[in-house]
Amino acid sequence: MSAARADQWLSLAISDIAVFGSGDLISVARLSARSGSHPVPVYGGNGIAGYTSLAMVDQPTVILGRVGQKCGVVYRNDGPAWITDNALYARRFKRPLDVRFLAFALEAARLNDVKNKNDLPLITQSILNDVKIAWPDSLEEQRQIAGAVRDIDNLIASLELMINKKCEIKQGLMQQLLTGRTRLPGFTDPWRRVEVRELLEFRNGLNKESSFFGSGTPIVNFMDVMNGPVISAGDVTGRVTLTRDEIKRFSARKGDLFFTRTSETVDEVGTAAALVEHVSDAVFSGFVLRGRPRVRDLDAQFLAYLFQVDAIRRQVESTASYTTRALTNGRALGRVVVDIPILKEQRAIFRVLTEVDAEIEALHARVTKSKAVKRGMTQELLTGRKRLPVEGETEA
């Protein structure tokens with residue numbers, strides 16, 4: 001049975017709860033990494049931009065991104081802080097409240113949806129002031145709700161910390177296993193040094209007008225490769241309408257490798273992924289390159305992982321060109337020098353790395369599920385549809 005409640009929630013404009021205002025300009029020269037001399041976080045429109053020595057607020061407050069695509073994103077700071085003019089913050093509260101509850105209530109209000117529609121997205125004080133949110137005047141109820149939401153936030157944060165640690169472990173394993181510095185038990189054969197063009201035959205992808213996309217044959221796209229290092233049949237969701245000749249010329253087969261050809265930043269160029277399942281009539285996009293194996297003693301999945309190793313990435317990035325976008329091509333990637341073991345050791349290394357990837361993916365699934373639980377919880381608790389028992393009140 002839920003608790004009987006005599007008090008009802010209110011629908012209040014944000015202007016009835018707090019006075020928000022813009023922060024102040026701060027010179028970039030005053031920002032640095034966090035240190036003993038610079039302990040104060042500086043919040044901009046995208047969160048913490050750096051640290052400084054002086055604070056403009058010294059009490060817990062709520063901060064909102066004011067400008068840009070992330071305008072309306074909510075941050076809570078529990079101590080001294082500086083807020084730039086790219087953010088809004090609660091300068092004064094008009095009624096007793098729990099700052100954590102206010103932050104959660106503003107998150108639930110989806111403030112990004114009420115931004116202006118100009119080229120530069122913006123949330124003004126007048127837009128913000130008119131937004132209405134559900135509000136319990138009971139400070140104890142606010143605290144109870146904030147505590148419940150905080151608990152699941154803590155769970156999500158702990159899972160994300162575990163993911164970060166697993167990713168660090170994976171990076172360490174990759175740097176050791178994929179360079180031969182550490183060998184798996186039972187393997188002693190020497191590795192051979194080759195240029196990638198001895199292993200792969202490169203081809204540019206397909207370019208079509210936008211009207212051809214949306215239906216037709218499956219196509220391996222840029223994001224399929226970026227999300228690698230393996231591409232399964234279920235990952236290939238793009239579709240394009242082609243002739244049979246085009247399907248033949250730009251075919252994507254199981255065992256092919258694909259590389260990102262162009263991007264806004266050089267660190268995303270030359271990312272590799274292997275197609276590990278048959279996809280009938282699949283082709284590949286002009287934003288990626290296909291590397292089709294020339295030799296039988298090569299595991300495509302091993303090579304896709306190998307292109308994540310620091311030494312290989314440095315080679316890829318050093319040969320990329322840059323005009324308005326970063327670019328690479330099959331000639332440049334073919335000159336990359338790699339060390340590879342015998343096929344059996346390639347597959348053994350790949351299996352170790354995929355096991356770690358599976359653990360990371362399982363943690364990501366738990367984060368996704370926990371975030372869904374949080375959304376459901378906040379929809380109930382932050383609208384008053386579900387009430388938590390408050391100390392001193394009786395059960396119905």
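Position 1 is the first residue of the sequence; numbering continues from there.
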Does [X] pair with [Y] as a salt bridge, N-O distance under 4.0 Å?
| X | Y | result |
| --- | --- | --- |
| Arg366 | Glu160 | no |
| Arg192 | Glu198 | no |
| Glu355 | Arg351 | no |
| Asp245 | Arg249 | yes |

Using a 3.5 Å distance criterion without hydrogens, assess whether the side chain of [X] forms a donor-acceptor pair with backbone atoms of [Y].
| X | Y | result |
| --- | --- | --- |
| Lys374 | Val149 | no |
| Tyr75 | Gly47 | yes |
| Asp16 | Leu12 | no |
| Glu246 | Thr243 | yes |
| Gln346 | Asp297 | yes |
| Arg92 | Val19 | no |
| Thr61 | Val57 | no |
| Arg150 | Ile145 | no |
| Arg325 | Val266 | no |
| Tyr322 | Glu264 | yes |

>> Whether the Ser215 and Arg239 side chains hold a donor-acceptor pair (N or O, under 3.5 Å, no angle test) is what I'd like checked.
In response: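 Result is no, nothing qualifies.
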> By salt bridge (charged side-chain N to carboxylate O under 4.0 Å, His left out), which residues pair with Asp78, not counting sequence neighbours?
Replying inline: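 With neighbours one apart ignored, the set is Arg76.
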Tell me whether [Y] is reachable from [X] by hopping between hydrophobic residues (I, L, V, M, F, W, Y) whose side-chain heavy atoms are closer than 4.5 Å.
| X | Y | result |
| --- | --- | --- |
| Val40 | Leu31 | no |
| Leu97 | Leu382 | yes |
| Leu10 | Leu102 | yes |
| Val309 | Val269 | no |
| Val279 | Leu257 | no |

Please round to the nearest 0.5 Å and tell me the distance separating atom [atom1] of [X] and atom [atom2] of [Y].
| X | Y | atom1 | atom2 | result |
| --- | --- | --- | --- | --- |
| Ile152 | Asn154 | CD1 | CG | 10.5 Å |
| Gln142 | Arg100 | CD | CZ | 10.5 Å |
| Ile219 | Phe212 | CD1 | CZ | 12.0 Å |
| Phe250 | Asn207 | CZ | CG | 8.0 Å |
| Ile156 | Asp151 | CD1 | CG | 11.5 Å |
| Ile123 | Leu128 | CD1 | CG | 7.0 Å |

Over 12 non-hydrogen atoms of neighbours within 6.0 angstrom of [atom1] in [X]:
| X | atom1 | result |
| --- | --- | --- |
| Arg91 | CZ | yes |
| Arg30 | CZ | yes |
| Arg181 | CZ | yes |
| Lys344 | NZ | no |

> How would you list, by chain and number, every residue that makes a side chain to side chain donor-acceptor pair (under 3.5 Å) with Asp267, sequence neighbours excluded?
Replying inline: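 Per chain and number, Asp267 pairs via side chain to side chain donor-acceptor pair (under 3.5 Å) with Thr265.
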>> Among residues at least two apart in sequence or on other chains, which ones pass side chain to side chain donor-acceptor pair (under 3.5 Å) with Arg203?
In response: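 Here no residue qualifies.
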>> Applying side-chain hydrogen bond (donor to acceptor under 3.5 Å, both in side chains) as the test, list every pair that has at least one member in residues 279-293; sequence neighbours left out.
In response: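 Sorted result for residues 279-293: Arg244-Asp281, Ser251-Arg292, Asp256-Arg292.
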Indicate the atoms forming the closest heavy-atom contact of [X] with [Y], along with that distance.
| X | Y | answer |
| --- | --- | --- |
| Ala304 | Ala274 | CB-N, 4.0 Å |
| Ala148 | Leu381 | CB-CD1, 4.1 Å |
| Gly384 | Trp9 | N-CZ3, 3.4 Å |
| Glu345 | Asp189 | OE1-O, 4.4 Å |
| Ala18 | Phe93 | CB-CD2, 3.8 Å |
| Ala252 | Val220 | CB-CG2, 4.2 Å |

Just distance, no hydrogens or angles: give the donor-acceptor pairs under 3.5 Å from side chains in residues 223-234, sequence neighbours left out.
unit_1	atom_1	unit_2	atom_2	d
Asp224	OD2	Asn221	N	2.8
Asn227	ND2	Met223	O	3.1
Ser232	OG	Asp235	OD2	2.9

> For Arg193, what residues pass the side chain to side chain contact (heavy atoms under 4.5 Å, CB included) criterion, not counting sequence neighbours?
Replying inline: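 With neighbours one apart ignored, the set is Val337, Asp339.
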Sequence neighbours excluded, which residues qualify as ring pair (Phe, Tyr, Trp, His ring centres under 6.0 Å) partners of [X]?
| X | answer |
| --- | --- |
| Phe101 | Trp135 |
| Tyr89 | none |
| Phe202 | Phe259 |

>> Under the criterion salt bridge (charged side-chain N to carboxylate O under 4.0 Å, His left out), I'd like the reasoning laid out for Arg385 against Glu380: C-alpha separation, chi angles, the key distance, then a yes or no.
In response: CA-CA 5 Å; Arg385 290 200 295 266; Glu380 294 291 315; 3.6 Å; yes
Going by atom type alone, with no hydrogens or angles, which donor-acceptor pairs under 3.5 Å involve a side-chain atom of residues 79-88 and a protein atom two or more places apart or on another chain?
unit_1	atom_1	unit_2	atom_2	d
Trp82	NE1	Asp24	O	3.1
Thr84	OG1	Tyr43	O	3.4
Thr84	OG1	Asn86	N	3.1

> Out of Val316, Val194, Thr328, Leu306, which residue meets the side-chain contact (heavy atoms from CB on, under 4.5 Å) rule with Val336?
Replying inline: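 Answer after filtering Val316, Val194, Thr328, Leu306: Val316.
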Residues 165-177 side chain polar contacts: donor-acceptor under 3.5 Å, at least two apart:
unit_1	atom_1	unit_2	atom_2	d
Lys166	NZ	Glu359	OE1	2.6
Lys170	NZ	Asp357	OD1	2.8
Gln176	OE1	Thr182	OG1	2.8

> What ring-ring contact (aromatic ring centres under 6.0 Å, His included) pairs are there with at least one residue in residues 274-297, not counting sequence neighbours?
Replying inline: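 Counting only pairs at least two positions apart or across chains, the ring-ring contact (aromatic ring centres under 6.0 Å, His included) contacts touching residues 274-297 are Phe258-Phe284.
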